Amino acid sequence: MMLTSCLVYASCAIPEQLEVLRPVPDAQAYGSVHMVKEGDTLYSICKNYQADCQEVAEVNGIEDPRQLQLGQKIFIPDIDRSGGNQVAYTPPAISENFSIQQWKGLFIWPLSGVMTTKFGVRHGRRHDGIDIAAPEGTKIRAAADGTVLYAGDQQTGYGNLIILRHTKNMISIYAHNKTNLVKTGNLVKQGNVIALVGKTGRASGPHLHFEIREGAKARNPLFFLPKIN
């Protein structure tokens, strides 16, 4: 059975290193959409849905909660108001004066290119990273010091794939590579060339699919990477 089926149905064993990839790429996004109305703040929206403000901010790419626009659609993860159900969750205690956390510069950009797809939800499906288009063969660099947790060809959506483990349970993922230049267990330094841009797996053209995760939880890479002017 192919790895994709294993991840979806949990019907067969998969390498422990790949557990961080659950769910599979482009899995259906579970949640509700809130349209911003007069008087709404990110705090009031999250309080109403009992949602984690930091997670909502990252999923929707909201770096400044003061910049909400009337009519803006905000995706609230793990909430289904249409059926009256929600995932059991107790959000962290916050005040109305909370601030969205960002860790700009904790990682470096793995390559220079054009960001074609952002983190979040697209067409009702999760997109757990960012896509950066670049010519095939462009060098991909380690975004931070770490250990190669996995390097191989999934023969599924991610194609040639590298997973790096960093300090504080942080993970970075590099997918669709033409060639992997490191092996599982290798130590890498920030900026080391680890792969070349390709279009393996489910990719319509050469690009890097880049993810940052905390354990298995997908985080918005733009909250961790240096801001590009």
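Remember, it's a predicted structure, so these values are computed and weren't measured experimentally.
Nearest heavy-atom pair across Ser44 and Gly39 is OG-O, 4.4 Å. In terms of heavy atoms, Met35 sits closest to Asp40 at O-OD2, 3.9 Å. The two residues Lys118 and His127 have their closest heavy-atom pair at O-ND1, 3.0 Å. Scanning both residues, Ala57 and Ile100, for their nearest heavy atoms gives CB-CD1, 3.6 Å. The minimum heavy-atom distance between Pro135 and Pro206, with the atom names listed, is C-CB, 4.5 Å. Considering every non-hydrogen atom in both Thr116 and Ala133, the closest pair reads CG2-CB, 3.8 Å.
For the atom pair CG (Leu149) and CZ (Arg165), the distance works out to 5.0 Å, reported to the nearest 0.5 Å. In this structure, CG in Leu208 is found 8.0 Å from CD1 in Ile130, a value given to the nearest 0.5 Å. Considering CG of Leu106 and CD1 of Ile212, their distance stands at 7.5 Å, rounded to 0.5 Å. Taken from CG in Leu225 to CH2 in Trp103, the straight-line distance is 12.5 Å, to the nearest 0.5 Å. Rounded to the nearest 0.5 Å, atoms CD1 (Ile76) and SG (Cys46) are 5.5 Å apart.
Checking side-chain atoms of Asn160 against main-chain N and O of Lys178 turns up a donor-acceptor pair under 3.5 Å. Side-chain N or O atoms of Asp64 include one that pairs as donor or acceptor with a backbone N or O of Arg66 at under 3.5 Å. Between the side chain of Gln190 and the backbone N or O of Ala143, at least one donor-acceptor pair lies under 3.5 Å. Formation of a donor-acceptor pair under 3.5 Å by the Gln72 side chain with backbone atoms of Val36 is not found in this model. Checking side-chain atoms of Asn192 against main-chain N and O of Ala142 turns up no donor-acceptor pair under 3.5 Å. Panel note: side chain Trp109, backbone Pro226; a donor-acceptor pair is recorded below 3.5 Å.
Side chains of Val33 and Val121 form no contact here, defined as non-hydrogen atoms less than 4.5 Å apart. Side-chain contact between Leu181 and Thr179: present, with at least one pair of heavy atoms (C-beta onward) separated by less than 4.5 Å. In this structure, Tyr150 and Leu161 have side chains that are in contact, with non-hydrogen atoms separated by less than 4.5 Å. Ile45 has its side chain out of reach of Val56: every pair of non-hydrogen atoms, C-beta onward, lies at least 4.5 Å apart. The side-chain heavy atoms of Gln102 and Lys227, taken from C-beta on, include no pair separated by under 4.5 Å. Residues Asp131 and Met115 form no side-chain contact, since every pair of their non-hydrogen atoms from C-beta on lies 4.5 Å or further apart. You'll find the side chain of Gln54 reaches within 4.5 Å of the side chain of Arg219, heavy atoms only. Side chains of Thr200 and Asp153 form no contact here, defined as non-hydrogen atoms less than 4.5 Å apart.
Between Phe210 and Tyr174, the ring-plane angle classifies as tilted under the 30° and 60° cut-offs. Relative orientation of the His176 and His207 rings is tilted, given thresholds of 30° and 60° on the angle between their planes.
No continuous path of ILVMFWY side-chain contacts below 4.5 Å connects Phe119 to Ile108, so the two sit in separate hydrophobic clusters. Using a 4.5 Å cut-off between side-chain heavy atoms of Ile, Leu, Val, Met, Phe, Trp and Tyr, with links allowed through other members, Val148 and Leu196 fall into different hydrophobic clusters. Grouping the Ile, Leu, Val, Met, Phe, Trp and Tyr side chains by contacts below 4.5 angstrom, directly or via other members, places Leu187 apart from Leu164. Leu42 and Phe223 fall within a single hydrophobic cluster, where Ile, Leu, Val, Met, Phe, Trp and Tyr side chains are chained together by heavy-atom contacts under 4.5 Å.
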- Message: Could you walk me through whether Ile62 and Ile74 satisfy the side chain to side chain contact (heavy atoms under 4.5 Å, CB included) test, starting with their C-alpha distance in whole Å, then the side-chain angles of each, then the deciding distance to 0.1 Å, before giving a yes or no?
- Response: CA-CA 9 Å; Ile62 300 171; Ile74 306 294; 3.7 Å; yes
- Task: Dump the intermediate steps for side chain to side chain contact (heavy atoms under 4.5 Å, CB included) on Val197 and Ile140, then the final yes or no.
- Result: CA-CA 7 Å; Val197 169; Ile140 299 170; 3.7 Å; yes
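Counting non-hydrogen atoms of other residues, nucleotides and ligands closer than 6.0 Å to NZ of Lys47 gives a total of 12 or fewer.
Using a 4.0 Å cut-off between a side-chain N of Lys or Arg and a carboxylate O of Asp or Glu, Lys217 and Glu58 do not qualify as a salt bridge.
Among His166, Glu211, Arg213, the single residue meeting the side chain to side chain donor-acceptor pair (under 3.5 Å) criterion with Ser172 is His166.
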